[in-house]
Visitor: 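First the structure, which I've put down as C-alpha cells, then a few questions once you've had a look.
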Amino acid sequence: MDRAIGVIDSGVGGLTVAHELMRQLPKEKLIYLGDTARCPYGPRSKEEVQKYTWEMVDFLLTKDIKMLVIACNTATAFTLDDLKEKLDIPVIGVIQPGARAAINFTKNNQVGIIGTEGTVRSGAYSYALKKIKTDIHVTALACPLFVPMVEKGILSGEHALDVISDSLLPLKKHKEMDTLILGCTHYPLLKDTIQKVIGEKVTIISSSEETARETSAILDVHHLLNKAELPPVHEFYATGDLNIFIEISRSIFKEANFHMLTIKKANITPNQVS
Ligand code: DGL
C-alpha cells in the first residue's frame, strides 16, 4: 500500500491547501487533520501552538505518513524548524512557498501580508521575504476577526464585506503595495471579498499552489511519488464538530472530489491519541 501525505491545520483553512494538493497530485492519498476543537491558533502563545501541533503530528505519525505538509501559517511560524529537525520524513510549511510566490509577482517590491496575530508577531514572513530579497518592503497586518468568521462558515455577504473592509483599512492607505500575501490558510476562502476591498491592482497570493508544487518536487526527489493507478480515498479528520467541517469541505471540493473523502472525528488528548 502506498503511504499518504499528512496535512495538518488548526481547522478548515488547510482544506484550501489539500484541495490544491489533490489537483496537482491526483494519485496521492491525503490524510488531513484539522484541530477545529482548539481553533484558532492565531491568538495562542508559541508554546501552546507548538504543543498542539506536535499532538496533531503524533496522530498522523500513527498513520504512517510519508511526508508532512503544515497547512497552517501559525503552526509553520512556530514549529517548522523543530519538526524538520526531529521527524525523519520530509516536512514543508506554507510560509516559504508563499514568500517565493510574492517575490515572483511584485514589480515594485512593496508587499503586504495579512495573517493571524501569531504569524504577524513571529515576523516569519518578513524574514522569509528578506532572506530571498533584501530590498523588499513588507507591511504586515493581523486580521483576528477573519478566522472565527470562516470557521462559522461565513465566507461572503454583507457581514463578511463589513468585517474585511474595516480590518483592511490600514493596508488600503498603503497605495504602493502591489502584492498581498494571504498569510493564513483560512483567508483564500474570503479571497473574492478581500480582492474587492483591496482593489484589482493588487495581486493576491495564496501559498497553496506553490506549496503543492514544492510538495510534488520533494516527493519526486525522495522517490516517494505514488505509483498506484486507482484513485485514492482520502482520510479527513477534525477534532471538533463535524457538521461545519463537512459543509465547508463540500463547498471547497465540490461534488466531483468530495465523494473521494471519508470524514471522521479525531480524538486528540495530550500524549494519548486515538
Ligand atoms: N490556519 C491558521 C493559519 O494559517 C489560521 C487559523 C488559526 O488562527 O488557527 O495561520
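Whatever order the structure lists ligands and atoms in, that order sets their numbers, starting from 1.
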Visitor: Return the option from Ile8, Asp9, Val150, Thr74 holding the heavy atom at the smallest distance from atom 10 (O) of ligand 1.
Guide: Thr74
Visitor: In chain order, what residues pass the salt bridge (Lys or Arg N to Asp or Glu O under 4.0 Å) check against Glu151, with sequence neighbours excluded?
Guide: none
Visitor: Report the part of Asn73 (side chain from C-beta onward, or backbone N, CA, C, O) that has a heavy atom under 4.0 Å from ligand 1; answer both or neither where that applies.
Guide: both
Visitor: Near Thr116, which atoms of ligand 1 are under 4.0 Å from a heavy atom of that residue?
Guide: 5 (C), 8 (O), 10 (O)
Visitor: How far is atom 5 (C) of ligand 1 from its nearest protein heavy atom, and which residue and atom is that?
Guide: Cys184 SG, 3.2 Å
Visitor: Quick one: look up the protein heavy atom nearest atom 2 (C) of ligand 1 and list residue, atom name and how far away it is.
Guide: Cys72 SG, 3.4 Å
Visitor: Quick check on contacts: which atoms of ligand 1 are under 4.0 angstrom from a heavy atom of His186?
Guide: 1 (N), 5 (C), 6 (C)
Visitor: Hey, what's the ring geometry for Tyr187 with Phe146, parallel, tilted or perpendicular (30° and 60° as the breaks)?
Guide: perpendicular
Visitor: Can you name the salt bridge (Lys or Arg N to Asp or Glu O under 4.0 Å) partners of Glu48, sequence neighbours left out?
Guide: Arg44
Visitor: Can a donor-acceptor pair be found, under 3.5 Å and without considering hydrogens, that links the side chain of His259 to the backbone of Glu255?
Guide: yes
Visitor: What part of Val147 sits under 4.0 Å from ligand 1 if we count only heavy atoms: the side chain, the backbone, both or neither?
Guide: side chain
Visitor: If you measure every N or O of Gly42 against every N or O of ligand 1, does any of those distances drop under 3.5 Å?
Guide: yes
Visitor: Check step by step if salt bridge (Lys or Arg N to Asp or Glu O under 4.0 Å) holds for Lys107 and Asp178.
Guide: CA-CA 7 Å; Lys107 294 196 172 62; Asp178 74 345; 6.0 Å; no
Visitor: Taking Glu210 first and then Arg213, would you say they form a salt bridge - that is, a charged N and a carboxylate O separated by under 4.0 Å?
Guide: yes
Visitor: Using a strict 4.0 Å threshold on nitrogen-to-oxygen distance, state whether Lys29 and Glu235 make a salt bridge.
Guide: yes
Visitor: Quick one: does Cys39 get a heavy atom under 4.0 Å from ligand 1?
Guide: yes
Visitor: Can you list the atoms of ligand 1 that are under 4.0 Å from a heavy atom of Ser10?
Guide: 1 (N), 2 (C), 5 (C), 6 (C), 7 (C), 9 (O)
